[in-house]
Amino acid sequence: MKIISWNVNSIRIRKQQLLQLIKNETPDFVCIQEIKSSNDVFPKKEFEDLNYFVHVNGMPSYNGVSILTKHKVESTYSHAFCKKEDSRHIEVNYKGIRIHSIYVPAGGEAPDPSINKKFEHKLQFLNEMKEFFSNKDTNILAGDLNIAPYENDVWSHKQLKNVVSHTEIERKKLLDILKTGNYIDTFRALLSSSDNLFTWWSYRSPDFRINNRGRRLDHIWLNKKNSFKLVKARILKEYRELEKPSDHVPIILEINI
């Protein structure tokens with residue numbers, strides 16, 4: 001089974017890139033975040049023409065998530081975290097395997113919930129995630145979690161330890177979700193546990209490869225209780241070099257079930 005996760009930062013702008021990615025990789029499941037599209041204008045037909053089923057939880061101009069499946073699924077579900085209808089989660093159930101695409105709030109600039117409502121929302125969202133994803137039949141969690149949990153998930157821990165996405169409180173909350181839900185951080189398991197791994201580079205960087213000031217914000221986790229065998233993980237940095245790229249790149253996990 002091959003799973004792709006990608007924050008496309010607008011399905012309208014990145015549609016052709018995503019279509020080409022699917023043609024190249026023929027994945028079983030594609031978890032997409034930040035589609036910035038309502039359900040009715042999501043370009044379903046182009047993906048259906050590639051023989052994919054399209055499941056969307058969208059909203060106009062902001063957020064939005066989707067899962068494209070090569071196989072017909074038994075059911076779909078979307079959870080409104082923090083009681084906000086802001087289209088940050090969708091899941092599909094395929095033969096008892098629950099696959100989630102999730103987009104965690106970025107959290108704004110100031111890492112202080114008393115003055116930054118966006119950061120307060122992010123912390124509340126993480127608290128609710130802990131309960132939601134401790135469910136024992138949750139199998140695969142994929143998406144833009146907007147947190148780089150380990151020191152080597154950013155270009156400089158020293159310079160970013162007080163920057164939103166790498167603060168201690170965010171990192172601890174995310175790792176607590178990982179532990180409580182009995183998950184495997186598959187990319188750290190399959191790739192080097194000590195090397196820098198990045199999936200996001202700011203648009204402010206004139207040449208992302210030279211500066212390489214990245215962060216690992218995108219993740220695919222598997223529940224340890226399920227009989228999955230890890231095969232291969234890839235981070236497709238070349239998609240950051242395309243014309244009009246997303247600031248995130250696709251990540252691909254291959255497993256045997």
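Worth saying up front: this structure is predicted, and the values here are computed from it rather than measured.
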Is it the case that the ring center of Y94 lies less than 6.0 angstrom away from the ring center of F29?
yes

Would you kindly say whether K173 and N127 are connected by a side-chain donor-acceptor distance under 3.5 Å?
yes

Measure the spacing between CG of L190 and NZ of K232 and express it to the nearest 0.5 Å.
11.0 Å

Is there a continuous path of hydrophobic side-chain contacts, each under 4.5 Å between heavy atoms, that joins I102 to L175?
yes

Taking D153 first and then R171, would you say they form a salt bridge - that is, a charged N and a carboxylate O separated by under 4.0 Å?
no

V73 with I67, same ILVMFWY side-chain cluster at under 4.5 Å:
yes

Measure the spacing between OG of S165 and CZ of R216 and express it to the nearest 0.5 Å.
12.0 Å

Side chains of N63 and K36: do they bring a donor and an acceptor to under 3.5 Å?
no

Do the side chain of S246 and the main chain of N7 share a donor and acceptor less than 3.5 angstrom apart?
yes

Testing the basics here: between I177 and W221, what is the closest heavy-atom pair and its distance to 0.1 Å?
CG2-CZ3, 3.8 Å

Is there a side-chain contact between Q20 and K23 (heavy atoms, below 4.5 Å)?
yes

Check whether more than 12 heavy atoms from other residues, nucleotides or ligands sit under 6.0 Å from atom CD of E131, and answer yes or no.
no

Using modelled atom types and a 3.5 Å cut-off, is there a donor and acceptor pairing between side-chain atoms of Q33 and backbone atoms of C31?
yes

Do F133 and H100 make the cut of ring centroids closer than 6.0 angstrom?
yes

Main-chain N/O of W155 paired with N196 side-chain donor or acceptor, under 3.5 Å
no

E91 side chain to T76 backbone, donor-acceptor under 3.5 Å
no

With a cut-off of under 6.0 Å to the ring centre and 45° to the axis, is R240 in cation-pi contact with W201?
no

Separation between NZ (K244) and OG (S10), nearest 0.5 Å, reads 10.0 Å

What do the steps show when you test S38 against M59 for side chain to side chain contact (heavy atoms under 4.5 Å, CB included), and what is the final call?
CA-CA 4 Å; S38 58; M59 63 184 296; 6.0 Å; no

Assess whether atom CZ of R209 is packed by more than 12 heavy atoms of other residues, nucleotides or ligands within 6.0 Å.
yes

With no hydrogens and no angle check, is any side-chain donor or acceptor of K70 less than 3.5 Å from a backbone partner on T26?
yes

In this structure, are over 12 heavy atoms from other groups packed under 6.0 Å from E168 atom CD?
no

Identify the heavy atoms of F125 and V104 that sit nearest to each other, and give their distance.
CE2-CG2, 3.9 Å

Minimum heavy-atom separation for I11 to V8, with atom names?
N-CG2, 3.8 Å

I'd like to know if K45 and D49 make a salt bridge, using a cut-off of under 4.0 Å between side-chain N and carboxylate O.
yes

Heavy-atom closest pair (Y203 atom, P245 atom, distance to 0.1 Å) is OH-O, 2.8 Å

Let me check something: do I4 and I22 share a hydrophobic cluster, defined by ILVMFWY side-chain heavy atoms less than 4.5 Å apart, either directly or through other members?
yes

So do the side chains of V56 and I90 get within less than 4.5 Å of each other, counting heavy atoms only?
no

Drop me the distance from F42's CZ to N39's CG, to the nearest 0.5 angstrom.
9.0 Å

For the residue pair H71 / D28, report whether a side-chain donor-acceptor contact shorter than 3.5 Å exists.
yes

Can you confirm whether E109 sits close enough to V164 that some side-chain heavy atom of one is under 4.5 Å from a side-chain heavy atom of the other?
no

Can H219 and F187 be said to form a side chain to side chain contact (heavy atoms under 4.5 Å, CB included), step by step?
CA-CA 7 Å; H219 305 261; F187 279 68; over 6 Å; no

Can any side-chain N or O of N57 pair as donor or acceptor with the backbone N or O of H89 at less than 3.5 Å?
yes

Rounded to the nearest 0.5 Å, the CZ atom of R234 sits from the CG atom of L253 at a distance of 10.5 Å

Has the side chain of S156 got a donor or acceptor atom that lies under 3.5 Å from a matching backbone atom of Q159?
yes

Are the side chains of I140 and I255 in touch, meaning some heavy atoms are under 4.5 Å apart?
yes

For I252 versus E25, what's the shortest heavy-atom pair and its separation?
CD1-CD, 3.6 Å

Are M1 and L141 linked, directly or through intermediate hydrophobic residues, by side-chain heavy-atom contacts shorter than 4.5 Å (ILVMFWY only)?
no

Are the side chain of T199 and the backbone N or O of D218 linked by a donor-acceptor pair below 3.5 Å?
yes

Should V65 and I220 be regarded as members of a common hydrophobic cluster, given that ILVMFWY residues are connected when their side-chain heavy atoms come within less than 4.5 Å of each other, either directly or indirectly?
yes

Under 30°, 30 to 60°, or over 60°: which ring-plane class applies to Y77 and H79, parallel, tilted or perpendicular?
tilted

Specify the closest pair of heavy atoms between S134 and T180, including all atoms of both residues, with the distance to one decimal.
CB-CG2, 3.9 Å

Drop me the distance from I184's CD1 to F228's CZ, to the nearest 0.5 angstrom.
9.5 Å

Could you check L178 against L174 for side chain to side chain contact (heavy atoms under 4.5 Å, CB included), going step by step and ending with a plain yes or no?
CA-CA 6 Å; L178 183 78; L174 190 67; over 6 Å; no

Given side chains that start at C-beta, do those of L68 and I32 come closer than 4.5 Å, heavy atoms only?
yes

Test log, rule side chain to side chain contact (heavy atoms under 4.5 Å, CB included), inputs E170 and F119:
CA-CA 10 Å; E170 293 171 271; F119 193 65; 3.6 Å; yes

With heavy-atom distances below 4.5 Å as the criterion, would you say the side chains of H121 and D86 are in contact?
yes

Are the ring centres of F81 and F132 closer than 6.0 Å?
yes

Within the structure provided, determine whether L126 and D176 are in side-chain contact (heavy-atom separation under 4.5 Å).
no

Has the side chain of N116 got a donor or acceptor atom that lies under 3.5 Å from a matching backbone atom of P111?
no

Do L230 and L222 come close enough that some side-chain heavy atom pair is under 4.5 Å?
yes

With no hydrogens and no angle check, is any side-chain donor or acceptor of W6 less than 3.5 Å from a backbone partner on I251?
no

With a cut-off of 6.0 Å (strictly less than), are more than 12 heavy atoms of other residues, nucleotides or ligands near CD of E74?
yes

Face-on cation placement of R88 at Y103 ring, 6.0 Å and 45° thresholds:
yes

